[in-house]
Peer 1: 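Okay, here's the structure, questions in a sec.
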Amino acid sequence: MTNKLLTVRQMLKRKKYLNLALYAVLILISYQFMYPLLRMITISLMSQEDIINPTVNWLPKTTSFGNLRTALGVLDLKTTLVNSLLLSSLLALCQTLVSAMTGFAFARFQFKFKNFWFIMVILTFILPTPITLIPRTMMAVSVRETLGFQMIGTPYPQLLMALTGQGIFSAILILIFYNFFRLIPRVLDEAAAIDGANPLQIFYHVILKLSLSTILVVFLLSFVWNWNETYITNTFIRGQIPLLPPRLASFDSIFEQLASAGTAGQEQQRINEAYKMSATLISILPLFILYLIVQRQLIRGIENAGLTGE
């Protein structure tokens, strides 16, 4: 009996030490993720004196919101935020709809060259973006020359890419829907078909209504990817529509232009790290707020979609 108690105590101690080691690893990993964000917040709240003071590292001696006000003016937040939200939402909505329909077709139907087209979908993710962007740009220029319809400088090329399954990381979104739709029992489709439902009605009334959490995950992933995308956006829109991420990428040059005109900021007409950190913090705040609103639904959807690797 005594030996058994000693064995149990040893096992509890080992489990305790294992948990401590696990928590230590998790804390270190979380610190790696949290450090840039915490550093960004502290620097953005520093005054001009704290920025040049070598003794100030983390906590500012004087909290200042002037950096945020200056960054708001340089980013032209009232215009760029609305444009970015509308464009990213529209592209995400188109990508979600097309990816769901494509995933449903691959999961439920048998057709000629199915495996070939499935491989083509995967190749769209493997191929580097510049390789596919060059012919797309040439096509947009050809449309303007042939039909007289302006494509460059508008969001239409990106909308067409999203509607044809060629949006940003559309292949991943299609695979998410494909894997999830395969988990839905086919007997539900057969029951709906017996009641007279056609494939489109089955897709809407059966499949989509059982996949709301997965739809939310795909929409949010697409929204974030389109929000952060600047390479394709700059190639097609070319600054004709003011957007927040491209404006952030050109923050230095825009600040210098406004500073030369005397409108960059009241505190100091010279760019520094606090202004850049403030602008970066402002640009990620919409995504952070969006995550806080839908975090429970997002986590539930990720678990249902099988993105955790289980």
Side-chain angles (χ1 to χ4, degrees), residues 31-92 153 155 158 168 220 223-295:
Y31 176 76
Q32 294 294 324
F33 284 96
M34 293 298 297
Y35 175 81
L37 181 61
L38 296 175
R39 190 65 176 163
M40 187 188 309
I41 294 174
T42 56
I43 294 178
S44 63
L45 295 178
M46 289 184 180
S47 63
Q48 303 299 323
E49 293 76 14
D50 292 337
I51 292 294
I52 61 176
N53 189 346
T55 62
V56 177
N57 190 13
W58 275 98
L59 299 178
K61 293 183 178 180
T62 305
T63 303
S64 174
F65 295 96
N67 302 323
L68 294 172
R69 288 194 296 267
T70 301
L72 288 173
V74 176
L75 293 175
D76 190 15
L77 192 65
K78 292 182 179 180
T79 302
T80 57
L81 178 61
V82 174
N83 291 340
S84 297
L85 287 175
L86 290 176
L87 181 61
S88 299
S89 300
L90 183 59
L91 294 176
Q158 289 176 274
I168 301 172
L220 290 178
F223 181 89
V224 173
W225 290 337
N226 283 286
W227 177 278
N228 293 323
E229 173 59 45
T230 56
Y231 180 66
I232 297 177
T233 302
N234 290 333
T235 301
F236 288 117
I237 295 182
R238 299 187 178 181
Q240 297 300 314
I241 301 177
L243 300 171
L244 186 54
R247 188 91 171 180
L248 176 64
S250 306
F251 184 84
D252 290 9
S253 60
I254 297 174
F255 183 94
E256 294 297 337
Q257 294 174 4
L258 296 178
S260 62
T263 58
Q266 299 297 327
E267 291 79 4
Q268 186 174 337
Q269 300 297 324
R270 184 177 298 174
I271 194 169
N272 57 41
E273 201 68 22
Y275 291 142
K276 295 181 181 180
M277 290 294 114
S278 299
T280 307
L281 180 63
I282 292 171
S283 66
I284 67 174
L285 273 180
L287 301 179
F288 184 70
I289 294 172
L290 179 63
Y291 172 76
L292 291 179
I293 295 174
V294 299
Q295 59 174 327

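Just so it is clear, the values below take in all heavy atoms, side chains as well, and ignore hydrogens, waters and symmetry mates.
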Peer 1: Checking Glu229 side chain against Ile232 main chain: does a donor-acceptor pair fall under 3.5 Å?
Peer 2: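 The answer is yes, because a donor-acceptor pair under 3.5 Å joins these two groups.
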Peer 1: Heavy atoms, side chains only, cut-off 4.5 Å: are Asn226 and Leu87 in contact?
Peer 2: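 Sidechains of Leu87 and Asn226: no contact.
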Peer 1: Out of curiosity, Gln158 CD to Ser88 OG, how far, rounded to the nearest 0.5 Å?
Peer 2: 9.0 Å
Peer 1: Roughly how far, to the nearest 0.5 Å, is OG of Ser89 from CH2 of Trp227?
Peer 2: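 It comes to 8.5 Å.
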Peer 1: Supply the atom-to-atom distance Ser278 OG to Leu45 CG, rounded to the nearest 0.5 angstrom.
Peer 2: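 Reported to 0.5 Å precision, the distance equals 7.0 Å.
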Peer 1: Report the distance from atom CG of Leu90 to atom CG of Leu86, rounding to the nearest 0.5 Å.
Peer 2: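 Output value for this atom pair is 8.5 Å.
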Peer 1: Do Leu248 and Lys276 come within less than 4.5 Å of each other through their side chains, counting heavy atoms only?
Peer 2: no
Peer 1: Under a 3.5 Å distance rule, please check whether Thr42 uses its side chain to pair with a backbone N or O of Arg39 as donor and acceptor.
Peer 2: yes
Peer 1: So, the side chain of Thr233 versus the backbone of Thr230: is there a donor-acceptor pair under 3.5 Å, distance only?
Peer 2: no
Peer 1: Please report the closest heavy-atom contact between Thr79 and Pro242, naming both atoms and the distance.
Peer 2: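 Nearest heavy atoms, Thr79 then Pro242: CG2-CG, 3.7 Å.
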Peer 1: Kindly compute the distance separating CE (Met277) from CD1 (Ile282), expressed to the nearest 0.5 Å.
Peer 2: 12.5 Å
Peer 1: Check Tyr275 against Phe251 and note the closest heavy-atom contact, atom names and distance.
Peer 2: O-CZ, 3.7 Å
Peer 1: Less than 4.5 Å apart, side chain to side chain, heavy atoms only: is that true for Thr80 and Leu243?
Peer 2: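 No, their side chains stay 4.5 Å or more apart.
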Peer 1: For a 4.5 angstrom cut-off between non-hydrogen side-chain atoms, does Leu290 reach Phe223?
Peer 2: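 They are in contact (side-chain heavy atoms under 4.5 Å apart), so the answer is yes.
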Peer 1: Quick check for you: to the nearest 0.5 Å, what is the distance between Lys78 atom NZ and Asn83 atom CG?
Peer 2: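 The CG atom of Asn83 is 14.0 Å from NZ of Lys78, to the nearest 0.5 Å.
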Peer 1: Closest heavy-atom contact between Met46 and Pro60?
Peer 2: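 In this case the closest contact between Met46 and Pro60 is CG-CB, 3.7 Å.
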Peer 1: Can you sort out the partners of Ser47 under side-chain hydrogen bond (donor to acceptor under 3.5 Å, both in side chains), two or more places apart, ordered by chain and number?
Peer 2: Glu49, Asp50
Peer 1: Which atom names give the shortest non-hydrogen contact between Ile43 and Asn67, and what distance separates them?
Peer 2: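 Where Ile43 meets Asn67 most closely, the heavy atoms are O-ND2, 4.2 Å.
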Peer 1: Does Arg247 offer a backbone N or O that forms a donor-acceptor pair with the side chain of Ser250 under 3.5 Å?
Peer 2: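 No, because the side chain of Ser250 does not come within donor-acceptor range (under 3.5 Å) of the backbone of Arg247.
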